[in-house]
Structure formats: C-alpha cells, structure tokens
Amino acid sequence: MSEMYVSGQSGIGRLIEALAERGHRVIGPVVRNQALVYDEIEGVEDLPKGWTDLQEPGKYRLERRGDEKLFGYVVGPSSWKQYLNPPEEVLWSGTIGPDGFQTDPPPEPPLYAFFGVRPCELAALAILDNVYTTTDGVPTFGGYTATREKAFIVAVNCSDPGGNCFCVSMDTGPTAKAGYDISITEVAHSGNMRYLLSSGSAAGAEVLAGLGGLDEASSDEIEAGDAVLARAAEMMGRELDTNDLPDLLKGNVLNPRWASVGDRCLACANCTMVCPTCFCNTVDDNLSLDGTHATRTRKWDSCFTLGFSYMHGQPMREAVSSRYRQWITHKLSSWVDQFGEMGCVGCGRCITWCPVGIDITHEAGAIRRGDLRDTHITVGGHSS
Amino acid sequence: MQTVTNPAVIDQMTPVPFRVRSVREELSHTFTLELEPPNGAFEFLPGQFTMVYAFGIGEVPISISSSSSNQGTILQTIRRTGAVTHALGHLKSGDYVGIRGPYGVPWPMDEIKGRDLLIIGGGIGLAPLRPAIYHALENRDDYERVVVLYGTRTPNEILFEEELGKWGARTDCTTMVTVDAADRGWNGAVGVVTRLIGRVGFDAANTTALVCGPEIMMTVTAERLMEVHSMAPENIYITMERNMKCAIGVCGHCQFGAKFICTDGAVFPYPEVEELFDVKGV
Amino acid sequence: MTENNLVKALAEHEFFADLSAESLTALASIAEVIEVEPHTMIFEEGGHADAAYAIVDGSVALEMNMAHRAHHIVQTLHRGEMLGWGWLFPPHRWAFSALVLDTTQLIRFDGEKMRSLWDEDREFGYEMMKRFAHVMTDRLAATRLQLVDFYADRY
C-alpha cells in the first residue's frame, strides 16, 4: 500500500491548483441549476461544500447538510463519459477533390484531470475502456482513447451513499480499488474535515510528493477513514441480486413484465443519457453548401428512441417494452457475453432521473420474483 | 493511383477514398459499383462487407459481391432504398466513394471443405452469396456438390441473371431459380424459394447450407431445412442485418441479443441466432 | 404401358410411396400414363374436373386468367407432385388452368373411378385423403409465403 497522507481542506485546494499548474483542465463537481454537475474548477471554493443530494426514484433535490463536507453527496446527472466521449464530437472532416479526399488534421486531445471521481464511476470508466479498447491499437470511435490515456484521475471514496445507490451489489464501491492516480477519503472529526490522500500511480505519487504541507496519516486516522467507508457500505439505498441474473433475463425474453414496464416507460432516454456506461452513438454526416467539405460527427444515441433500430423503412423495436427490455438485458445480461462484465455500476442515476421512477433493481427483482405487474408504485415521493 | 490522403488515421471511422471504375445497372433499383482501392489491392473474404460512404451524405453497410481472389477491384451491389444508396446510385466512373472495412465474419469456406454446398439466395441476398459461389467454383475440388437456389419477386428482378445461367450450364453446379409471381412467357418455376429445396434433393448429413435473403425468407428456409429435410441447425449459416453506424462493435445499434451483428456476424451459424430469430423487437 | 409398369411408376412416385401392392394395383386399374408436349393445356380454368394427375417428370404451370392481365402464373408444379383437386369435390370444376412448360409425363386417374375406389374401401380412401390433405396444407403454406412478398422493399 502506498503512503497515506492527511490534510485539511487547504490541501484539497492545493491539489486542484497543482493539477492546473501541470497543464490539466481540472473538472470536478459544482452546483449548477440546482444540481451537482461536473465542470471546470479552479479551487476548493468551487466544490459543493455543505451540500448533499436527496435521491429517490424520479426525485432529486439538493439540500444543505449543516456541515462543511466537500464530498457529502453522491452523483448528479453528469458523468465522465461526457468528457471522454462527448455528446457530440467530430470524427472526421475532409475536402473532396478530383483525386479523392483530403483529410483535415485531427484536433489535439484535451488534457483533463477528473477530480472527485466516485468508485462506481471508476468502475464505469473501466467498463468504457473495455468497450473502446481494440487489439490493433487503432482508436475506435473518436477521441476517447487519447483523452482517457492522458487524463489524471482523483477519486473520492463515498462516505454518504444515497437512496438509489447499490454499488455494494455491483461490487464497485464505496471504496475505490484501482484505476485512480490519487484517492481521497473525507473524514468528519468533531466538525473538522480531514482528508486522507493516497496515490494509485507513479504520477499520483509525484503530485502528492510535490504538494507540500501534507502530514503522514496516523494509524488512528487511517482507521477512522476505514470506519467511514465500512459504515457507508451499510447505507446502500438499493440492492440488486446479481446471482444468475444474466441467464435469468435471457430466459425471460417473453415475460409479460416487459409490457407492464413498457406501459410506464416514456421512452425519454434519460436513463441512457445519465448512465455512466451507456455508449450507444450515432453518426451524422454533413456537407458544405458547395458540396466540397464534409464533416462526420458522432453523437450520443439511445436504444429508447424509435429511430435507433430503424431499418428498411421500419423500426425493429417498435414497442416501448421491447426497448426497455433491450436496455436492461444489455446492462445486466448481454453485456456480460460481450465484455465479460455487467454494464451497470450501481450508481442509481437511471432510477433518479427517470421521470416515472422506473427502478432497474426493482425491475430485475420483479423478473426474478415472477411479478407480472406492480400494484403500488412510488415516484418522486408520491404514490400512484 | 493519384489519391491524396492524410496518412494519420484519426480513428477507425475514417473512410478511405476508392475510385469508381464503373457503374453497372443490374435491376431497376439495383446497381453495382466497381471500386479501385487506393493502394491497388483490397483483401477480403467471401461474405464480408464494407461501410460505403457517399461524400457528405452518409454511410451504409454493403456486402462485397465480387470474387475474393480478385483484389484489384471490388464490386458492391447496392439497392436504392434511402438517401445514401440513392446518392451512391448517382456516382459515375471517376468519382470517389469512401470505404471502411472489410468487416464481419465470412462464410465458413474453409471449415466446410469436402461437403456439399446448398447455397440459397433470395432477392438481393444473392449479392453477399456471390463471393461464396465464386470461391466454390474457383476451388471446385474442395467441395462435393454445389447447388445454387435463387428466389426473387418476378422474372424482371433476377439479380445476376446471366451468371445464374452460366452456373446452371456447368455440369458441376446445379442452379435453380424461382419467382413469386410471373405471367405466361416465363418458363421457369413459380413459387416460394423453399419449394426448390424439395426438388433439388440432397444428402442432409453431408450438406452445409449458406442462406441469405430477407430475414423471414431465411427463417422459413432454415425451418424447412431442419424440419422437412432433417438438416442439423449447425450446418445452416445465415446472415443478419440491422441498423449499423460503426461496423466495429461500439455504436450499439446492431445488437441482436448479445451479438453485435457487425463483429459477431453478419454470417452466423443458425444455432447462434435461432432462439431470438422469431422474437419481435429484439 | 403395361399394368405392371404402371404399378412400378406409381410406386416410384413420392405421393404413392409405401402403399400396399394391392392398393397400387387398384390405382393402376383406373390410371393411364400420358406424355404432354410443351405449351399444351392439360385442363382449363372453369372446365369439368374429371381427373387427378401425378407428375412423373416435367413442369406444369397453374395459371389464372385475369381480365386486366393475361395468364398470371400462380405456381409451378414439378416431378413428384400431384396436380389438381377439382375432381375431388362438387361442382368438379378446375380453379386454374394447367399449362405444360417442359415435356411432361403424367399419370392420369379417372376422377369418378377414384372417388368410387375410395368409397368402396374407406380405409384406403382415408389414407389417400390424408395424403391429399398433406399436399393441400403444404401448398397452402407455400402460397401464403408467396403472398408475404418477402422481397418487397419494406423487408
């Protein structure tokens, strides 16, 4: 295990500044439009100090915590895929001439530091890496690989899991295991915030060593951090029984439950937009008015849209129920066949941001229990 | 070849310009582009496809319909159905298209050496099968019987009609054509393509079927082969088609159950897709 | 063709496979083998259906005559298949015309005698009816698939 340091909030501020000095655009959680989103941060004062997020199916509220915690919340609608695999990205542009196409030079990938990456989000990045990795080393789909390789990752372990969290079920949290350069654990000690910092890479160790003003953590402080994370593991708002789940879903393609959830689902695609692993994209080609310059743009797409499966004048997945089935069986079943792991990390975003509060853990459980239809549904705190 | 390209490959989504050498109208809505690869050679296997890009308009997956032993040019047979295929249909000799690929799992030509081949095509589905037929006829000693069965809508919509005639004239290749509808004057068979299967007669245990056509045509063909002619499902190969944007397994569009049609197919042994074939909305 | 040869021809035809020698002989007694040249009409739509046919070799087109288009071919029938069932039920009319495409060898059964044969020996009649029903359902299934119009642009 690497050396464990301890600091106050000033150390967190120095870390943000140090990363900026190394040329990184530092992206971290900020409060905007009554939600926690990821955006550029310049110092510790940009972080959502004293805020927490209340999450239920179809419900999201920011509330004051009554303490000075910098990381006393879970995740908002943003995820890191929007920086690695932006909602829109030019894949290729070029000019046509008498001898073929002249390709425009590609842009330089941005140099990011992702600050405040939750353990479930680290797992999501590893899942996306798996999707975008090729054996021949040629980047697959836009700038993901180049941006990812250069990104510096500061993970923050979860001390305050939310109502829709189930990272314990997915074995992704609340403690970061790997995939970070630096990890942070926030420990409240009689109203005083202490931060345990450790490195997970050579680059992380170098940054920490150069930071200055950090103390070596005592064994008591390390134990206090472990206790916070052990308690967090007991605070999961949801649970998902993953035992034999891939085969279970595969064997229930014709279950009438899909029609029931399809009746509620608005096919709005919110779940796929907020999901940190949903990777479906479409390609848009555009031509300049004079017909000489073309641009190919990759854009986020969603299996919930009617056009997603469009072929020869008709969509293959016309019924909303078939689109929900596609989504959940991809996440929890066919992803395993494709990439050797599930495509869900237990972050709960899809549950929170579903306007009708459809809950992936509840739906998977309903298939397991053989429930064909719900008699009582709660959305956003309201019963229906 | 005087093709100017930036040597730096941004990613696998960058099309490579191929010069159009010729355009051949096959049927009223179907044409074949003859394309020259920029470096003079293009390696592919029978049954593979490319993403064909109409500059600034868009890209579509199209099977290669020429012989894999000819790498100097490739043929892509295309049906005008949407904006991109219409744009491709307006190309003339000397124009450029973008090509990515080749992609996909080929027909199992090596694995099925020594067996009887029952090649069943429907409509434009004969195009992806043509490289397999070429391969079998160019390597005739590698296979026992070669049978080509083809069904289409009407006598006016017989793809590669001249070649079907040539293959049929060979003593080492049985070829049968049927249409769904015809008027007097058509001297061939009228009836669904599966009716040809009963007429041709084959040894189910030593036969491998390669089937390509509309999905429902492949379903009824596979069912007929298994139920009436006792063919083992693993000896039947079909091709799948779905909306496709990337062809490299990362856009998510072409998923069929756990399969990515683009990288796990488009050619599949029947047992791999059988279970979900008739399920609506997969 | 001698009766023996006729029995042999029947035994070799798919439709009559595995029938007893007695049944084959009975069938042969009401049958004759005919050879028909291309472009010959075996029977015509609306005509009196007085015979059943088994195709030994060759091809026959079933045609329908429509006012707005000439002679639409509904289906072609080939070696090993049965042709026509208008003779089975009243009013014993042909629903289609049967035009010979290639030189065709047929076994022709007298329809009335065939019906009597089945009525006299109900067990044999039932076996034959089952075989006809199978041909009919198979032909209906094939026709339905034709109607699906697989190759239309929407598929």
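As a basis for the values below, the full set of heavy atoms in this structure was taken, side chains included, without hydrogen atoms, waters or symmetry mates. Naming: A, B, ... by sequence-line order, numbering from 1 per chain. The model shown is predicted, which means the values in this text are computed figures rather than measured ones.
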Handout entry: Close contacts, residues 240-262 of chain A versus chain B, judged by heavy atoms under 4.5 Å
Key = V253(A), L254(A)
Problem - Main-chain N/O of G101(B) paired to T50(B) side chain as donor or acceptor, under 3.5 Å - result: no
Problem - R298(A) to Y144(A) six-membered ring, cation-pi geometry met (6.0 Å, 45°) - result: no
Exercise for the section: Could you tell me whether a side-chain N or O of R323(A) sits under 3.5 Å from a main-chain N or O of A267(A), the two making a donor and an acceptor? Expected result: no
Exercise for the section: Without swapping roles, check the side chain of R130(B) against the backbone of I64(B) for a donor-acceptor pair under 3.5 Å. Expected result: no
Fill in the blank from the handout: From the list D337(A), N286(A), T329(A), the residue making the most non-hydrogen contacts under 4.5 Å with chain B is N286(A)
Practice task
Consider only side-chain N and O atoms of N156(B) and T154(B), and report whether a donor and an acceptor are under 3.5 Å apart.
Solution key: no
Handout entry: Segment of T95(A) engaging chain B (4.5 angstrom heavy-atom cut-off)
Key = backbone
Practice task
Quick one: sort the F279(A) and Y132(A) rings into parallel, tilted or perpendicular, breaks at 30° and 60°.
Solution key: perpendicular
Handout entry: Partner residues of Q338(A) under the side-chain hydrogen bond (donor to acceptor under 3.5 Å, both in side chains) criterion, sequence neighbours left out
Key = H330(A), Q255(B)
Exercise for the section: Please check if the distance between the ring centroids of W92(A) and Y53(B) is under 6.0 Å. Expected result: yes
Exercise for the section: Keeping the roles fixed (side chain from Y150(B), backbone from G123(B)), state whether a donor-acceptor pair exists under 3.5 Å. Expected result: yes
Handout entry: Contacting region of V97(B) [heavy-atom separation from chain A under 4.5 Å]
Key = backbone
Exercise for the section: May I ask you to check whether E26(B) and T32(B) show a side-chain donor-acceptor distance below 3.5 Å? Expected result: yes
Completion exercise
Residue from V131(A), D301(A), D284(A) scoring the most non-hydrogen pairs under 4.5 Å with chain B is D301(A)
Exercise for the section: Say whether D99(A) and Y96(B), considering side chains only, have a donor N or O and an acceptor N or O under 3.5 Å apart. Expected result: no
Completion exercise
Filtered by a 4.5 Å non-hydrogen cutoff, the part of residues 81-88 of chain A contacting chain B is none
Practice task
Counting only heavy atoms closer than 4.5 Å, note whether V250(B) contacts chain A via side chain, backbone, both or neither.
Solution key: both
Problem - Pairwise salt bridge (Lys or Arg N to Asp or Glu O under 4.0 Å) hits with a residue in residues 77-102 of chain B, at least two apart - result: E25(B)-R80(B), E59(B)-R100(B), R79(B)-D153(C)
Problem - Distance-minimising heavy-atom pair for G143(A) and E89(A) - result: N-OE2, 2.6 Å
Handout entry: Most chain A-contacting option - heavy-atom pairs closer than 4.5 Å, from H253(B), K280(B), K245(B)
Key = H253(B)
Practice task
Sort out for me which of T292(A), V283(A), I96(A) touches chain B most, counting heavy-atom pairs under 4.5 Å.
Solution key: I96(A)
Handout entry: Proximity breakdown for E318(A) and chain B, heavy-atom pairs closer than 4.5 Å
Key = neither
